[in-house]
Amino acid sequence: MLLALVSIDTGSALSQPKAPAGSAAAPRAMPAAAATAPNAAPAAIAGSATPSGEDDDEAGGSGSGSALVAPTDPKQRVVWLSEKLTAAMTSRPLLTAKAKIGIQIVDLDTGTPLFAKNDDAGMSLASNAKLLTSVAALGTLGGGFHWRTALFIADKSLDETTGVVKGDLWVRGKGDPTLSANDFRAMATELAAKGVRKIEGKLVIDDSYFDGDVEAPHFAEQPKERAAFRAPVASFGVARSSFLVNVIGQPGGGAKVWIEPDAGEHIKIKKAEVTSISEGRTRIKVDVKPVKDTLEIQVTGQIKFADGHWWAKRRVDDPKRFAAEVLRKALAERGITFTKKGIDSAPVPLNARQMVTHDSAPLSSVIREMNKASDNYFAETVLKTLGAETRATPAPASWADGHAAVQAFLGKLGLVPGTYRADNGSGLFNATEVSAKQLVAVLRGANADYRIGPDLLASLPVGGMDGTLARRLANSPAKGRVRAKTGTLEKVVTLAGYVGVDGRHTLAFAILVNDIPTGQKAPARAMADDMLDVIVAYLEAAQQPPSK
């Protein structure tokens, strides 16, 4: 921890950078890794890691919110639906003049398409790609699938009198995307409870579940981007392969600066020149410089004392090393030390003794968090796990293995390989080319399968209530009646999911907008929101008896 009382050039200090093209940023909430940080606030944190206006999501476009009344006559109602949806587009000529729009709306009861526009055109899905990943994972692995992380020692290597292990400590990572520093502390506590006090060897990582390519497809397109939304994926990782830089203003002009989780010498603060001010704006800049096996962090700027806690989240480059150092720290806190400092990689011996295991939450819970928050790290880990669990022959899973597993399952829902493109699991960057018709086919297939549908539905943000739709549709008739996945890239806005006003009649929809002209992102969201209001009015009218 460093304290700083140094003045700086505030003109060059910046708050968080705008997300790049293709970003799918984290929700406006304190990340799980920062739950123990003092004064943590879930929203409106000065300099928070969520770039304003580039969220996947909540920003802008809540539609008109005006009451709509559809005809009760079924034939007239379908005509009315088409007219109103078309009007939502034509009323925005600056958007529709250049944007590419693909829409399909289907009645799930009858399978009848109620409205379509360019629904065969391949489109970028942005984070709606997570729907493909979610459905394939739930359909292939099942909602009860768990990831297991385990600690091993050589058989008969523990001296139960002295607590000394004559040999190495192995950790087998199986891709758990939810592992936290607190999980490591719990594992360390359990290992200590079994009498282990000293390892006369090294910490050895068995990371053979995945191959060594930690960058998801397309993630390397912005190699200098340090934001956590493109964190690397490995068999053994922690804290979503990212760390928090925390700053708290102090009376008298100083500031506390620290990093969590603590990875020892692997991530070091080399400069902390932050002053606490009573007037003005919080402006803090975080620079990350890789130096050999270390990340050197420089934190400069000013924090308004009244703002309390500022944080920024940054990705690591070597997720295995990062996780190993955090685990080593957790073991040390419980009095377990190593005689050798190095970290090795090797498979766990066949005759090794399993000492501690940690199981993740079930896949259904992970999918829920992934879609509510539009978490790229979860999505890419799920994709590679699909590859690991479906490989015909045992070997470390590749991104291609995950891609093949998704294609195999979606083929059962009618998506023929070669007719669409989904290169990664999150939709980040230019990774997808899928039509509105194909996306709705996935939603229909999930809805028809009771092993998938309930978990998928529960994972989707609810309009005006939670997730990336928490501040969208809040004053709309569609509030609480839409469960949908959002998606945002530099020139892309997408929304797809389900609409219902009762438990009997549900529609599936996909509204995909690509090639959005400058300044038309909010109108694109507003257009989609107006369409949802129209759909809700259509469904409400269907509940009424036809007028005579």
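Because the structure is a prediction, the values reported are computed rather than measured. Residue numbers start at 1 and run along the sequence shown.
In the model, S134 has a side-chain atom that pairs as donor or acceptor with a side-chain atom of N371 under 3.5 Å. Judged purely by distance below 3.5 Å, without hydrogens or angles, the side chains of N514 and S124 never pair a donor atom with an acceptor atom. A donor and an acceptor atom, one from each side chain of D423 and H403, are nowhere located under 3.5 Å apart. In summary, the side chains of S276 and K304 do not present any donor paired with an acceptor at a separation below 3.5 Å, with no hydrogens or angles considered. Side-chain polar atoms of T468 and T486 form a donor-acceptor pair below 3.5 angstrom. A side-chain donor-acceptor contact under 3.5 Å links D176 and T178. R185 and N182 are linked by a side-chain donor-acceptor pair at a separation below 3.5 angstrom, with hydrogens and angles left out of the test. Side chains of K130 and N376: a donor-acceptor N/O pair is present below 3.5 angstrom, by distance only.
Here the side chain of S241 pairs no donor or acceptor atom with the backbone of G237 at under 3.5 angstrom. A donor-acceptor distance shorter than 3.5 angstrom exists from the side chain of E380 to the backbone of S426, with no hydrogens or angles considered.
In this structure, L469 and K479 have side chains that are not in contact, with every pair of non-hydrogen atoms separated by 4.5 Å or more. Side-chain contact between V135 and L413 is present, with at least one heavy-atom pair separated by less than 4.5 Å. With contacts defined as side-chain heavy-atom distances shorter than 4.5 Å, the pair P362/F145 does not qualify. Taking the side chain as every heavy atom from C-beta outward, L68 and W80 approach each other to under 4.5 Å. Looking at heavy atoms from C-beta onward, I103 lies out of side-chain contact with N118 at the 4.5 angstrom threshold. Using a 4.5 Å heavy-atom threshold, the side chains of T300 and V274 count as separate. Looking at R315 and P232, their side chains come closer than 4.5 Å, going by heavy atoms from C-beta outward. I105 places none of its side-chain heavy atoms less than 4.5 Å from the side chain of Y538.
Nearest heavy atom pair, residue L94 against residue P517, reads O-CG, 3.7 Å. Minimum heavy-atom separation, A379 to G425: CB-O, 3.5 Å. Nearest heavy-atom pair across F236 and A323 is CE2-CB, 3.6 Å. The minimum heavy-atom distance between L512 and S435, with the atom names listed, is CD1-C, 4.1 Å.
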Step by step, work out the side chain to side chain contact (heavy atoms under 4.5 Å, CB included) result for W147 and V382. CA-CA 10 Å; W147 288 267; V382 169; 4.1 Å; yes
List the steps, then state whether side chain to side chain contact (heavy atoms under 4.5 Å, CB included) holds for I277 with I303. CA-CA 6 Å; I277 59 175; I303 182 169; over 6 Å; no
Dump the intermediate steps for salt bridge (Lys or Arg N to Asp or Glu O under 4.0 Å) on K437 and D120, then the final yes or no. CA-CA 6 Å; K437 180 184 290 185; D120 281 319; 3.1 Å; yes
Output, in order, the C-alpha distance, side-chain angles, deciding distance and verdict of salt bridge (Lys or Arg N to Asp or Glu O under 4.0 Å) for D317 and R226. CA-CA 9 Å; D317 293 330; R226 305 297 316 185; 3.2 Å; yes
Going through the distances and angles, do F322 and F184 end up as a ring-ring contact (aromatic ring centres under 6.0 Å, His included)? CA-CA 13 Å; F322 175 59; F184 283 175; 9.3 Å; no
CA sep, side-chain torsions, deciding dist, call: M527, V513, side chain to side chain contact (heavy atoms under 4.5 Å, CB included): CA-CA 10 Å; M527 180 190 75; V513 188; 3.7 Å; yes
Apply side chain to side chain contact (heavy atoms under 4.5 Å, CB included) to L456 and L131, showing your working. CA-CA 8 Å; L456 179 68; L131 290 173; 4.2 Å; yes
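Using the six-membered ring where Trp is involved, H309 and W258 have ring planes that are parallel, under 30° apart on the 30 and 60° scheme.
Within the structure, every pair that satisfies the side chain to side chain donor-acceptor pair (under 3.5 Å) test and touches residues 97-109, not counting sequence neighbours, is listed here: Q104-D119, D107-H505.
In this structure, L410 CG and L415 CG are separated by 5.5 Å, a value rounded to the nearest 0.5 Å. The distance from atom CG of L141 to atom CZ of F409, rounded to the nearest 0.5 Å, is 10.0 Å. Atoms CZ and CD1, on F115 and I511 in that order, are 9.5 Å from each other to the nearest 0.5 Å. Rounding to the nearest 0.5 Å gives a distance of 9.0 Å between CD1 of I367 and CG of D455.
Screening K84, R525, R92 against D530 for a salt bridge (charged side-chain N to carboxylate O under 4.0 Å, His left out) leaves a single residue, R92. Among V288, V214, I267, the single residue meeting the side-chain contact (heavy atoms from CB on, under 4.5 Å) criterion with V316 is I267.
Counting non-hydrogen atoms of other residues, nucleotides and ligands closer than 6.0 Å to CZ of R451 gives a total of 12 or fewer. For M465, the CE atom is loosely surrounded, since the number of other residues' heavy atoms within 6.0 Å does not exceed 12. Heavy atoms of other residues, nucleotides or ligands lying less than 6.0 angstrom from CZ of R77 number more than 12.
Between K313 and E260 there is no salt bridge, since no side-chain nitrogen of the basic residue lies less than 4.0 Å from a carboxylate oxygen of the acidic one. We find that R230 and E215 are joined by a salt bridge, their nearest charged nitrogen and carboxylate oxygen being less than 4.0 Å apart.
By the 6.0 Å and 45° rule, R314 does not stack over the aromatic ring of F243.
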